[in-house]
Amino acid sequence: MSLSRREFVQYLSIAPLLTSAMPVVSQQTNSRANRIAQIIREYSEQGIHRTGTDVDTTSAHWMFARLQESGVDAVLDPVELERVEVIDASFTFPNQQLECEPLHDCLYTGAEGITGTLGPLGSDADIGVIMLPPSTVSPRHTQLQEARLNGSHRGIVIVSDLGYPPEGIATINAEDFRAPFGPPVVQIANASWEALQQAMSQRQSAKIVARCERIAVTAFNVRGRINGNNPALPPLVIMTPRSGWWQCASERGGGIALFLELARDFSLRPPQRDVIFTANTGHELSHLGLDQYLHNNPSLVRDAAMWIHLGANFAAKGSSIRLQYSEERFRALTLKHLALLDLQPGIETPIDSRPLGEARNVYDGGGNFISLLGNNPLFHHPHDVWPDAVDMDTTTAWVEAFSSLVMELGDAS
């Protein structure tokens with residue numbers, strides 16, 4: 001039995017009204033939708049998921065327990081790091097004192113801060129200002145990186161793009177977390193953008209305080225394994241990031257829900273090949289949890305039959321879903337399963353291009369991968385919370401399609 005996407009969404013709206021005599025496939029689909037909703041709600045309600053925080057630790061134990069409940073042999077692997085602890089952070093210009101969020105891979109100020117003239121990034125002002133989206137794939141991010149490297153400003157202010165709500169800071173990932181560099185950089189919401197533009201035009205004075213310290217903490221990767229019926233076959237690896245700047249309901253929730261659903265599916269129907277599960281902390285800190293996992297398993301990138309990357313944002317309202325593949329044959333297989341639910345990606349990363357997200361680590365190591373992710377109007381923003389940010393109909397449909405795809409990969413010889 002196959003359902004068009006429209007029929008599938010219609011089913012979800014009437015499923016609670018159906019009797020116990022409904023088809024088994026429909027019963028299973030409705031149960032899956034309920035489980036997905038519960039997983040994303042619980043994850044969102046845990047709090048702010050920054051790596052190495054108490055919430056991050058609580059979330060790791062929660063995922064560990066859910067894997068165990070599904071019959072997966074799960075383990076918590078410690079990840080040692082130095083978390084950035086913000087002591088005092090503010091940005092002040094005439095008649096405005098704003099809360100801010102320092103970058104987690106820059107250098108910081110003392111208690112006295114930095115005072116100087118305001119101007120656009122690239123000008124001769126002491127404090128350069130630029131408006132950016134949080135995604136690091138844009139010419140404006142290249143401009144920011146160059147300014148940080150060449151020391152053209154004593155400090156930098158990043159304003160969240162006007163596409164975001166006026167309140168709340170859309171934060172940028174720390175791609176150089178292990179080797180911080182450049183001047184102090186703080187991020188602010190866009191609510192004061194008009195006043196800030198006027199202050200820049202008049203070359204007014206401003207002050208940045210970004211007083212932070214690094215604290216040694218332990219975070220956790222969560223891994224598990226289901227043994228297949230034919231251990232001679234190379235394993236299938238299913239990975240998802242599990243940390244982020246805020247509550248990350250639609251950014252991380254879809255990948256985590258699909259990850260846990262696949263664990264349940266394989267437990268109920270054991271595959272031919274071994275299936276390895278890894279949910280990694282440190283996503284927002286240049287994938288440091290995945291880096292450690294790959295360091296501890298150096299041959300796995302190439303030895304695995306396939307890596308399934310369950311990435312960001314495909315659960316978000318307004319998402320254009322992106323697929324990424326290492327080879328054309330994996331693209332054809334993926335599209336075959338999507339067609340059963342009348343699904344198709346909005347974007348596909350060219351096969352010869354370096355992919356986004358954690359799939360890049362597999363690409364760099366020469367491994368096979370299929371990667372699911374998307375974009376998000378609330379990407380890295382504190383308003384990304386359950387239920388308002390999540391498109392449950394779309395999420396459930398894509399989880400259903402990827403379950404079918406990955407189950408086939410688990411049995412492929």
Side-chain angles (χ1 to χ4, degrees), residues 48-57 59-60 77-89 100-109 130 132-138 140-142 144-149 151 155-158 160 169-187 208 210-222 239-246 248 251-252 278-296 309 311-312 354-365 379-382:
I48 296 173
H49 288 279
R50 298 189 184 188
T51 299
T53 60
D54 290 344
V55 171
D56 185 40
T57 298
S59 186
D77 287 327
V79 179
E80 306 298 335
L81 70 142
E82 291 185 331
R83 188 187 71 223
V84 172
E85 189 76 9
V86 179
I87 301 169
D88 184 18
C100 59
E101 179 69 38
L103 288 187
H104 284 217
D105 59 356
C106 66
L107 304 181
Y108 300 116
T109 74
I130 186 170
L132 289 178
S135 171
T136 55
V137 185
S138 78
R140 284 183 287 171
H141 277 276
T142 301
L144 171 66
Q145 193 77 347
E146 290 172 352
R148 293 179 64 195
L149 287 168
I156 296 173
V157 177
I158 299 172
S160 297
I169 300 166
T171 46
I172 296 171
N173 285 346
E175 293 295 329
D176 294 281
F177 180 76
R178 297 287 195 187
F181 72 98
V185 182
V186 296
Q187 304 162 96
I208 288 174
R211 188 178 170 209
C212 304
E213 62 182 8
R214 289 199 168 209
I215 299 174
V217 296
T218 301
F220 297 93
N221 290 334
V222 185
M239 69 168 169
T240 194
R242 58 168 208 81
S243 66
W245 293 114
W246 305 104
C248 307
E251 179 190 349
R252 298 268 74 94
T278 179
N280 302 304
T281 191
H283 166 81
E284 74 280 17
L285 308 179
S286 192
H287 305 174
L288 65 82
L290 177 59
D291 285 344
Q292 176 173 301
Y293 180 77
L294 295 177
H295 176 78
N296 292 341
H309 168 231
R354 190 174 190 240
L356 304 175
E358 276 74 0
R360 77 188 187 195
N361 300 65
V362 181
Y363 173 90
D364 291 346
F379 189 46
H380 290 189
H381 194 275

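Scope of the values below: all heavy atoms of this structure, side chains included, with no hydrogens, waters or symmetry mates.
- Heavy atoms only, all atoms of each residue included: L81 and A219 are closest at CD2-CB, 3.8 Å.
- Counting heavy-atom neighbours within 6.0 Å of N296 CG, excluding the residue itself, gives a total above 12.
- In this structure, NE2 in H283 is found 9.5 Å from CG in L285, a value given to the nearest 0.5 Å.
- Counted within 6.0 Å of CZ on R211, heavy atoms from surrounding residues, nucleotides or ligands total 12 or fewer; the atom is thus considered open.
- A distance of 5.5 Å separates CZ of F220 from OG1 of T57, quoted to the nearest 0.5 Å.
- The closest side-chain heavy-atom distance from I172 to H141 is below 4.5 Å.
- A donor-acceptor contact shorter than 3.5 Å links the side chain of R242 to the backbone of D56.
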Exercise. Could you walk me through whether E175 and R360 pass the salt bridge (charged side-chain N to carboxylate O under 4.0 Å, His left out) check?
Worked result: CA-CA 13 Å; E175 293 295 329; R360 77 188 187 195; 3.1 Å; yes
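- Closest heavy-atom contact between E80 and Q292: N-OE1, 4.3 Å.
- Salt-bridge formation is detected for the pair E101/R50: a Lys NZ or Arg NE/NH1/NH2 atom is positioned less than 4.0 Å from an Asp or Glu carboxylate oxygen.
- Counting only N and O atoms by type, the side chains of Q187 and S160 include no donor and acceptor under 3.5 Å apart.
- A donor-acceptor pair is defined here as one N or O able to donate and one able to accept, closer than 3.5 Å; such a pair exists between the side chain of N221 and the backbone of T281.
- Note: D176 CG to H104 NE2 = 14.0 Å, rounded to the nearest 0.5 Å.
- Remark: side-chain polar atoms of W246 are paired, donor with acceptor, to backbone N or O of I169 under 3.5 angstrom.
- One N or O on the side chain of T109 and one on the backbone of A210 form a donor-acceptor pair closer than 3.5 Å.
- At least one side-chain heavy atom of E358 sits less than 4.5 Å from a side-chain heavy atom of P241.
- Here the straight-line distance linking atom CD1 of I87 with atom OH of Y108 works out to 11.0 Å at 0.5 Å rounding.
- Looking at heavy atoms from C-beta onward, R252 lies out of side-chain contact with H49 at the 4.5 angstrom threshold.
- When all heavy atoms are compared, the tightest approach of H309 to L356 is CE1-O, 4.1 Å.
- Distance check, rounded to the nearest 0.5 Å: CG of D54 to OG of S59 gives 12.5 Å.
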For this session: I would like to know whether W245 and N173 meet side-chain contact (heavy atoms from CB on, under 4.5 Å); could you show each step before the answer?
Result: CA-CA 8 Å; W245 293 114; N173 285 346; 2.9 Å; yes
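- Screening T51, V84, L103 for a side chain to side chain contact (heavy atoms under 4.5 Å, CB included) with F177, the sole residue that qualifies is V84.
- Residues H287 and N280 form no side-chain contact, since every pair of their non-hydrogen atoms from C-beta on lies 4.5 Å or further apart.
- Counting all heavy atoms, side chain and backbone alike, P78 lies closest to T218 at CB-CG2, 3.7 Å.
- Of all heavy-atom pairs between A60 and V222, the closest is O-CG2, 3.6 Å.
- One finds the CG atom of L107 at 9.0 Å from the CZ atom of F181 (value rounded to the nearest 0.5 Å).
- F379 and A170 get closest at one heavy-atom pair: O-CB, 4.1 Å.
- The shortest distance between side-chain heavy atoms of R148 and D105 falls below 4.5 Å.
- Counting heavy atoms from C-beta outward, T171 and E284 have side chains that stay 4.5 Å or more apart.
- Of the possible polar contacts, none joining the R83 side chain to the V217 backbone as a donor-acceptor pair under 3.5 Å is found.
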